[in-house]
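Okay, structure first, notes after.
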Amino acid sequence: MDKLVIEGGKPLSGSIVIQGAKNAALPILAASLLADGTTTIDHVPKLLDIEVMLNILRELGCRAEHSGDTVVLDTEAAHTSHVPESLMGQMRSSIFLMGPLLARFGEVQVYQPGGCAIGERKIDLHLQGLEALGAEIEELGNRIICRADKLYGADIHLSFPSVGATENIMMAAVLAEGRTTISNAAREPEIQDLQRFLNTMGAKIIGAGTDTITIEGVQSLKPCRYKVIPDRIVAGTIMVAAAATRGQVTLQNTNPAHLTSLIHVLRRAGVQIAVDGDIIKVGSASRPKAVERIVTSPYPAFPTDLQSQVMVLLTLADGVSILKETIFEGRLKHVDELNRMGADIRVDLNAAIIRGVPRLYGATVEATDLRAGAALVIAGLAANGKTVVEQVHHIDRGYDRIESMLSRLGARITRNSPVPNNLTN
């Protein structure tokens with residue numbers, strides 16, 4: 001397994017262009033199945049999750065090429081709606097294929113998806129939504145089969161504003177007969193991006209970004225060319241890293257409106273932030289201040305995907321902060337790793353009580369999930385001495401060669417890959 005080796009204590013400085021959003025690109029790739037022909041998607045990052053999705057699409061019969069940050073996907077030869085279990089187990093986002101495959105083929109067979117072990121993430125809302133559109137669902141152990149000769153519009157209320165369920169229902173409903181209304185829908189920017197993509201293909205959807213989305217079913221969709229939005233979580237990670245290392249970083253190709261809650265928290269911590277169009281400048285020359293209370297909640301509130309990164313900043317703050325996680329019960333596993341680096345964090349149920357310390361110290365730590373891994377990299381950048389981050393494959397699911405990205409900002413970070421056995425003899 002690859003490892004990241006970090007020599008900490010150097011402030012980040014310079015300018016960086018933010019990659020396309022993984023969490024927008026994945027459902028857009030899945031939605032491409034709704035139209036026969038060649039769709040071109042720009043600003044797609046080269047990530048492990050993206051490669052898994054493309055491999056699944058190839059297994060379904062599509063031709064997919066990823067050159068630079070552009071994916072060219074030809075769906076005309078797609079001939080099966082059976083998603084391989086071996087690939088589905090590698091990535092939770094493969095569940096996005098249920099809606100478009102059901103709408104295109106009238107049947108889809110999937111398996112319980114894999115992904116980061118950050119807590120229980122049921123897919124019951126996905127299944128309930130598809131059932132409401134007319135699908136019959138059969139669960140055989142780990143296998144899920146959905147069938148529908150025809151889909152019909154429906155009024156669907158989500159008991160929780162699930163991003164994945166909202167997107168799956170949207171993709172299935174665009175080819176359903178009649179009108180579908182999703183109430184208590186998730187409001188994330190990635191859902192707005194999916195709406196724009198589907199409408200570019202000829203769908204009739206309004207309301208993404210609010211809690212009510214309305215879809216008027218159409219007969220067919222057409223291929224198109226589309227550019228994915230910037231990744232707000234990658235941008236947020238860089239912003240926190242700049243603050244934690246007391247650096248000065250300029251981020252290009254961002255959407256500051258997607259980062260309002262983080263900007264608010266960082267300013268409360270004493271970080272200087274300037275916004276100019278799609279450019280964000282982040283600077284911090286002094287020790288951050290404690291933030292009394294942060295609670296993760298669905299967008300537009302503070303995102304769970306930035307909880308672990310901000311926790312690193314608060315470990316170095318002057319005073320006591322409380323960070324409460326309300327989305328995933330298993331998303332505080334990085335606390336033990338940070339404490340091994342000298343942090344003073346105590347967990348009480350789903351809340352972390354963080355008493356700031358003057359400095360962190362390098363250690364060998366393990367990334368337990370994607371965002372925890374990013375947090376440990378930030379901790380290594382800010383710490384005194386050498387930090388080794390293991391289980392880097394988690395980080396590769398969401399960051400396009402994070403070591404190259406940070407090296408461009410002056411970080412002393414390298415990737416160590418194991419030597420193949422046949423080269424060691």
Side-chain angles (χ1 to χ4, degrees), residues 26-37 39 57 60 62 75-76 78-83 93-110 123-139 144-188 190-224 226:
L26 288 169
I28 284 172
L29 287 170
S32 299
L33 284 163
L34 292 164
D36 275 346
T39 291
L57 291 169
L60 299 177
C62 302
T75 66
E76 192 166 0
H79 60 271
T80 179
S81 59
H82 182 177
V83 181
S93 298
S94 52
I95 201 69
F96 288 133
L97 291 157
M98 291 185 72
L101 285 173
L102 180 65
R104 176 163 177 166
F105 291 103
E107 180 176 331
V108 57
Q109 180 173 304
V110 298
I123 62 169
D124 54 334
L125 296 180
H126 299 249
L127 301 181
Q128 290 168 17
L130 297 178
E131 271 189 314
L133 295 173
E136 294 182 357
I137 296 172
E138 184 179 8
E139 297 188 56
I144 303 166
I145 302 171
C146 299
R147 299 184 180 91
D149 292 333
K150 191 172 182 61
L151 295 174
Y152 297 91
D155 292 330
I156 300 170
H157 176 80
L158 296 176
S159 58
F160 177 84
S162 161
V163 174
T166 300
E167 292 175 328
N168 238 334
I169 295 166
M170 287 171 66
M171 289 185 282
V174 289
L175 295 181
E177 182 179 306
R179 174 182 295 179
T180 297
T181 301
I182 309 171
S183 59
N184 198 31
R187 300 165 60 186
E188 273 74 1
E190 295 78 15
I191 289 171
Q192 299 173 50
D193 210 32
L194 179 61
Q195 172 180 285
R196 284 190 292 268
F197 174 69
L198 291 169
N199 284 348
T200 302
M201 296 173 79
K204 296 179 179 179
I205 310 173
I206 59 171
T210 74
D211 63 0
T212 303
I213 298 173
T214 302
I215 305 112
E216 293 286 351
V218 297
Q219 290 286 327
S220 63
L221 298 177
K222 62 184 185 301
C224 68
Y226 189 79

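Atoms CD1 and OG, from Ile145 and Ser81 in turn, are 9.5 Å apart once rounded to the nearest 0.5 Å. How far CD of Glu139 is from CD1 of Ile123: 7.0 Å, rounded to the nearest 0.5 Å. Note that CE of Met201 and CG of Leu34 are 5.5 Å apart. Values are rounded to the nearest 0.5 Å. The CG atom of Asn199 sits 10.5 Å away from atom NZ of Lys204, with the distance rounded to the nearest 0.5 Å. Here the CZ atom belonging to Phe105 is positioned 13.0 Å from the NE2 atom belonging to His82, to the nearest 0.5 angstrom. Taking CD1 from Ile191 and CD1 from Ile205, the interatomic distance works out to 11.0 Å, rounded to the nearest 0.5 Å.
Although no hydrogens or angles enter the test, the distance criterion places a donor-acceptor pair under 3.5 Å between the side chain of Asn168 and the main chain of Gly99. In this structure a side-chain-to-backbone donor-acceptor pair under 3.5 Å is missing from Thr75 to Ala78. The backbone N or O of Ala186 lies less than 3.5 Å from a partner atom in the side chain of Thr166, making a donor-acceptor pair. Without hydrogens or angle criteria, Ser162 side chain to Leu158 main chain gives no donor-acceptor distance under 3.5 Å.
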Determine, step by step, whether Ser183 and Ile156 satisfy the side-chain contact (heavy atoms from CB on, under 4.5 Å) criterion, reporting the C-alpha distance in whole Å, the side-chain angles of both residues, the deciding distance to 0.1 Å, and the verdict.
CA-CA 6 Å; Ser183 59; Ile156 300 170; over 6 Å; no
Would Met171 and Leu97 satisfy side-chain contact (heavy atoms from CB on, under 4.5 Å), going step by step from the backbone distance to the final call?
CA-CA 9 Å; Met171 289 185 282; Leu97 291 157; over 6 Å; no
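With respect to Arg179 and Asp155, no salt bridge is recorded, no charged nitrogen being found less than 4.0 Å from a carboxylate O. Residues Arg147 and Glu107 are paired through a salt bridge, judged by an N-O separation under 4.0 Å between the basic side chain and the carboxylate.
Environment of CD in Gln219: sparse, with no more than 12 heavy atoms of neighbouring residues, nucleotides or ligands closer than 6.0 Å.
Leu221 approaches Ala203 most closely through the heavy-atom pair CD2-N, 3.4 Å. In this structure, Leu151 and Ala135 approach most closely via the heavy-atom pair CD2-N, 4.4 Å.
Side-chain contact, His157 with Asn184: no donor N or O sits under 3.5 Å from an acceptor N or O.
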